[in-house]
Amino acid sequence: RTITPKQMMMVRYVFNKCSAPIFVKLLASELKSVASYDEIDILKLPIDISDGMDVLLTKLEEKHGKTFVGKCLGSIAASKSGLSDCEINDILSLEESVLNEIYTEYQPPLRRVTPAHWLYLKESLEGFICSFDSDGVQVNMLKHDGLIQIITDRYLRRDKSKTLLHSVLADYFLGTWSDGPKP
């Protein structure tokens, strides 16, 4: 697949305004969904890193659910040393708002976020999230400080949201719910 000369002209115009590597990645992510027969309106392409990240997060929310994306990325951004896949699933499973968003029609006997939910979002974040070994465990972190800041501003800007999320993380790592049902 190739883009048309007119599309390339629009991409070059936007690229000339900002050529930072993260912006190129955001622009490429946006262009993946463009077909050669599509008209590219200059206003639909991101014009800077902040706009590109906002477009990315909005598309992720539409695809995976606003609450799920917000709680998931907020948890990763709030963690200092990253979270493993299992920790992310466990933490998200403690959030009733996430479970209510996922299970709208079917109510399983044990309500938990399945590993597939997180892995599907993780796949959508390719290039923006990294995994590395920390004390023998693979943990996930956001790759870019700008993305961490935008996620923090978007999902943790209210003191109540930030405090609640840090409280959930603290309770999880203290083992508050390890031997009993969640409250």
Side-chain angles (χ1 to χ4, degrees), residues 1 3 7 11 14-15 18 20-36 38 40-41 43-79 81-106 108 111-134 137-157 161 165 168-169:
R1 144 167 153 65
I3 60 176
Q7 290 173 328
V11 170
V14 173
F15 182 71
C18 182
I22 181 68
F23 182 73
V24 173
K25 177 67 181 157
L26 289 163
L27 191 57
S29 176
E30 181 66 17
L31 290 170
K32 284 180 184 178
S33 63
V34 175
S36 59
D38 288 339
I40 295 183
D41 181 1
L43 299 175
K44 290 184 182 175
L45 289 177
I47 55 171
D48 58 21
I49 295 170
S50 179
D51 185 40
M53 289 185 181
D54 187 54
V55 168
L56 172 70
L57 293 174
T58 300
K59 285 191 173 196
L60 290 173
E61 289 171 356
E62 289 169 359
K63 185 176 184 179
H64 301 282
K66 186 173 185 169
T67 304
F68 179 74
V69 171
K71 296 286 186 176
C72 185
L73 295 181
S75 297
I76 295 170
S79 70
S81 55
L83 296 171
S84 72
D85 291 343
C86 291
E87 290 168 341
I88 291 169
N89 285 331
D90 288 345
I91 290 165
L92 293 175
S93 293
L94 295 172
E95 296 281 354
E96 283 300 316
S97 58
V98 171
L99 296 172
N100 290 337
E101 184 177 75
I102 291 172
Y103 298 110
T104 56
E105 296 177 21
Y106 170 69
R111 286 173 29 116
R112 286 190 49 80
V113 174
T114 65
H117 280 94
W118 157 240
L119 295 176
Y120 188 43
L121 175 58
K122 185 177 177 180
E123 181 182 306
S124 297
L125 287 164
E126 183 183 356
F128 301 102
I129 195 164
C130 62
S131 297
F132 63 93
D133 186 70
S134 175
V137 177
Q138 283 290 114
V139 295
N140 303 286
M141 287 194 77
L142 299 165
K143 266 188 178 178
H144 308 281
D145 290 338
L147 183 56
I148 294 169
Q149 187 59 51
I150 287 172
I151 287 170
T152 301
D153 292 346
R154 187 172 180 135
Y155 302 115
L156 304 174
R157 70 179 172 269
S161 299
L165 180 68
V168 168
L169 289 171

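Side-chain atoms are counted along with the backbone in the values below, which use heavy atoms only and exclude waters and symmetry mates.
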inquiry  = Show, in sequence, the C-alpha distance, side-chain angles and deciding distance for Leu83 and Trp118, and conclude whether the side chain to side chain contact (heavy atoms under 4.5 Å, CB included) test is met.
reply    = CA-CA 12 Å; Leu83 296 171; Trp118 157 240; over 6 Å; no

Ignoring hydrogens, what is the shortest heavy-atom contact between [X] and [Y]? Give both atom names and the distance.
X: Arg111; Y: Asn100; result: NH2-OD1, 2.8 Å
X: Ala20; Y: Ile49; result: CB-CD1, 3.9 Å
X: Lys63; Y: Ser124; result: NZ-OG, 3.4 Å
X: Thr152; Y: Ala77; result: OG1-CB, 4.2 Å
X: Gly74; Y: Leu156; result: O-CD1, 3.8 Å
X: Ile150; Y: Ser50; result: CD1-CA, 3.7 Å

In Å and rounded to the nearest 0.5 Å, what is the [atom1] to [atom2] distance from [X] to [Y]?
X: Leu60; Y: Met53; atom1: CG; atom2: CE; result: 12.0 Å
X: Leu26; Y: Cys18; atom1: CG; atom2: SG; result: 9.0 Å
X: Cys86; Y: Ile88; atom1: SG; atom2: CD1; result: 9.5 Å
X: Cys72; Y: Leu92; atom1: SG; atom2: CG; result: 5.0 Å
X: Leu125; Y: Leu56; atom1: CG; atom2: CG; result: 6.5 Å
X: Leu142; Y: Leu147; atom1: CG; atom2: CG; result: 5.0 Å

For [X], what residues pass the salt bridge (Lys or Arg N to Asp or Glu O under 4.0 Å) criterion, not counting sequence neighbours?
X: Asp90; answer: Arg112
X: Asp48; answer: none
X: Lys66; answer: none
X: Lys25; answer: none

task = Verify, without hydrogens or angle tests, whether Ser93 (side chain) and Val113 (backbone) share a donor-acceptor contact under 3.5 angstrom.
result = yes

query = Between the side chains of Gln149 and Asp153, is a donor N or O closer than 3.5 angstrom to an acceptor N or O?
reply = yes

request  = Could you check Leu57 against Tyr155 for side chain to side chain contact (heavy atoms under 4.5 Å, CB included), going step by step and ending with a plain yes or no?
outcome  = CA-CA 11 Å; Leu57 293 174; Tyr155 302 115; 4.0 Å; yes

message = The criterion is ring pair (Phe, Tyr, Trp, His ring centres under 6.0 Å); which residues satisfy it with Tyr103, sequence neighbours excluded?
response = none

task = Please list, chain by chain and in numerical order, all residues satisfying ring pair (Phe, Tyr, Trp, His ring centres under 6.0 Å) with His64, sequence neighbours excluded.
result = Tyr120

request  = Carefully, step by step, assess Ile129 and Met141 under the rule side chain to side chain contact (heavy atoms under 4.5 Å, CB included).
outcome  = CA-CA 6 Å; Ile129 195 164; Met141 287 194 77; 5.9 Å; no

inquiry  = Using a strict threshold of under 4.0 Å (side-chain N to carboxylate O), is an ion pair present between Lys71 and Glu101?
reply    = no

message = For Leu121 and His117: C-alpha separation, side-chain torsions, deciding distance, then whether side chain to side chain contact (heavy atoms under 4.5 Å, CB included) applies.
response = CA-CA 6 Å; Leu121 175 58; His117 280 94; over 6 Å; no

request  = Answer yes or no: is there a side-chain heavy-atom contact under 4.5 Å between Ser79 and Glu87?
outcome  = no

